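Computed from a predicted structure; not experimentally measured.
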Amino acid sequence: MLVPIFDLDGTLLDSDAALADAFVALGVAAESVTFGHVLADECARLGLSLEAYLDAYDHTAALPFPGIEELLAALTRRGRCWGLCSNKHSSSGHRELARLGWQPAVALFSEDFGGPKRLDLVLETLGLDAAGAIFVGDTAHDRACAADAGVAFALAGWNPRAVPLPGDTVLADPADLLPLLGERPG
């Protein structure tokens with residue numbers, strides 16, 4: 001039985017505007033902001049302190065993509081666990097999980113990895129080997145993260161910024177994950 005592990009920003013949460021708005025509030029041009037990195041690295045690249053960014057970030061602004069809450073509720077109803085592997089700073093990540101009432105079996109953030117996210121620690125924490133999980137993400141880094149760990153990857157195609165590559169499993173809708181997990185939709 002495959003366990004889904006999700007990226008947070010851009011996969012479960014439609015957070016691009018929320019992430020960029022904090023940088024813009026600190027004087028960075030919106031077009032200079034890039035996504036999919038460790039927040040501390042992006043702050044350093046843009047010449048800002050992590051603390052200033054976290055103070056400017058609106059923890060209520062990012063909302064789930066359509067269909068995400070229904071998917072997570074279906075997993076919970078069916079007794080399925082799920083995990084989270086994110087480059088987000090843990091203070092923001094935990095606040096957003098609490099606000100949304102989401103309770104993954106494991107939620108690891110940038111500080112847990114000491115750098116960019118990696119699935120090996122998530123797998124270890126869940127007691128899984130690579131064949132027991134599927135990673136759902138929206139970026140090239142997410143794809144590489146899955147490949148590095150030998151984990152199946154599915155692209156969050158509901159994010160218009162996600163760019164599929166040949167051979168990708170592309171999920172047009174969050175519910176499209178259920179058949180990959182051996183579950184019936186609905």
Side-chain angles (χ1 to χ4, degrees), residues 5-69 72 83-100 102 104 107-122 135-149 151 153-174:
I5 301 170
F6 299 95
D7 170 51
L8 183 58
D9 289 317
T11 299
L12 296 180
L13 293 179
D14 187 358
S15 55
D16 285 3
L19 294 168
D21 285 351
F23 285 115
V24 170
L26 296 169
V28 174
E31 60 274 7
S32 297
V33 178
T34 59
F35 302 98
H37 330 288
V38 173
L39 178 59
D41 294 345
E42 184 70 352
C43 287
R45 185 183 74 80
L46 295 170
L48 301 171
S49 76
L50 176 62
E51 294 74 22
Y53 178 88
L54 292 172
D55 287 344
Y57 182 74
D58 180 353
H59 294 91
T60 65
L63 299 175
F65 278 104
I68 290 297
E69 294 203 283
L72 298 179
L84 190 72
C85 180
S86 175
N87 277 332
K88 191 173 208 105
H89 192 271
S90 64
S91 64
S92 299
H94 287 297
R95 283 179 68 177
E96 288 177 329
L97 289 174
R99 171 178 61 91
L100 295 163
W102 293 350
L108 299 180
F109 298 97
S110 61
E111 302 95 310
D112 298 311
F113 307 111
K117 65 186 169 196
R118 302 182 330 268
L119 284 170
D120 59 336
L121 185 57
V122 179
F135 187 48
V136 182
D138 66 301
T139 65
H141 179 262
D142 293 337
R143 184 183 295 108
C145 184
D148 289 347
V151 171
F153 176 73
L155 185 71
W158 53 83
N159 180 337
R161 189 175 38 79
V163 178
L165 293 182
D168 275 352
T169 298
V170 179
L171 307 174
D173 183 271

### Message
The test is side chain to side chain contact (heavy atoms under 4.5 Å, CB included); show your working for F113 and L121 and say whether it passes.
### Response
CA-CA 8 Å; F113 307 111; L121 185 57; 4.1 Å; yes

### Task
Might you work through the salt bridge (charged side-chain N to carboxylate O under 4.0 Å, His left out) test for D138 and R161, ending with a clear yes or no?
CA-CA 8 Å; D138 66 301; R161 189 175 38 79; 3.2 Å; yes

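No donor-acceptor pair under 3.5 Å is formed between the side chain of S15 and the backbone N or O of A18. No donor-acceptor distance shorter than 3.5 angstrom exists from the side chain of D148 to the backbone of C145, with no hydrogens or angles considered. In this structure, R143 contributes its side chain and F153 its backbone to no donor-acceptor pair below 3.5 Å. No donor-acceptor distance shorter than 3.5 angstrom exists from the side chain of E69 to the backbone of P64, with no hydrogens or angles considered.
Between H59 and the options R95, H94, E96, a side chain to side chain donor-acceptor pair (under 3.5 Å) holds for only R95.
Shown here for A149 and L119, the closest heavy-atom pair between the two residues is CB-CB, 3.7 Å. In terms of heavy atoms, A162 sits closest to A156 at CB-O, 3.5 Å.
At least one side-chain heavy atom of P116 sits under 4.5 Å from a side-chain heavy atom of V38. Contact annotation: the side chain of I68 never approaches that of F6 to less than 4.5 Å [non-hydrogen atoms, C-beta and beyond]. Two residues are said to be in side-chain contact when any heavy atoms from C-beta on lie closer than 4.5 Å; K117 and D142 meet this criterion.
The OH atom of Y57 sits 5.0 Å away from atom CG of L19, with the distance rounded to the nearest 0.5 Å. A distance of 11.0 Å separates CG of L13 from CG of N159, quoted to the nearest 0.5 Å. Taking CG of L50 as the reference point, atom CG of L39 lies at 5.0 Å (rounded to 0.5 Å). Atom-to-atom distance recorded for L48:CG and E42:CD is 9.0 Å, nearest 0.5 angstrom. Between atom CD1 of residue I5 and atom OG1 of residue T11 there is a gap of 12.5 Å, rounded to the nearest 0.5 Å.
Scanning for salt bridge (Lys or Arg N to Asp or Glu O under 4.0 Å) contacts around D173 gives an empty result, with sequence neighbours left out.
Residues H89 and S91 have side chains that bring a donor and an acceptor to within less than 3.5 angstrom of each other.
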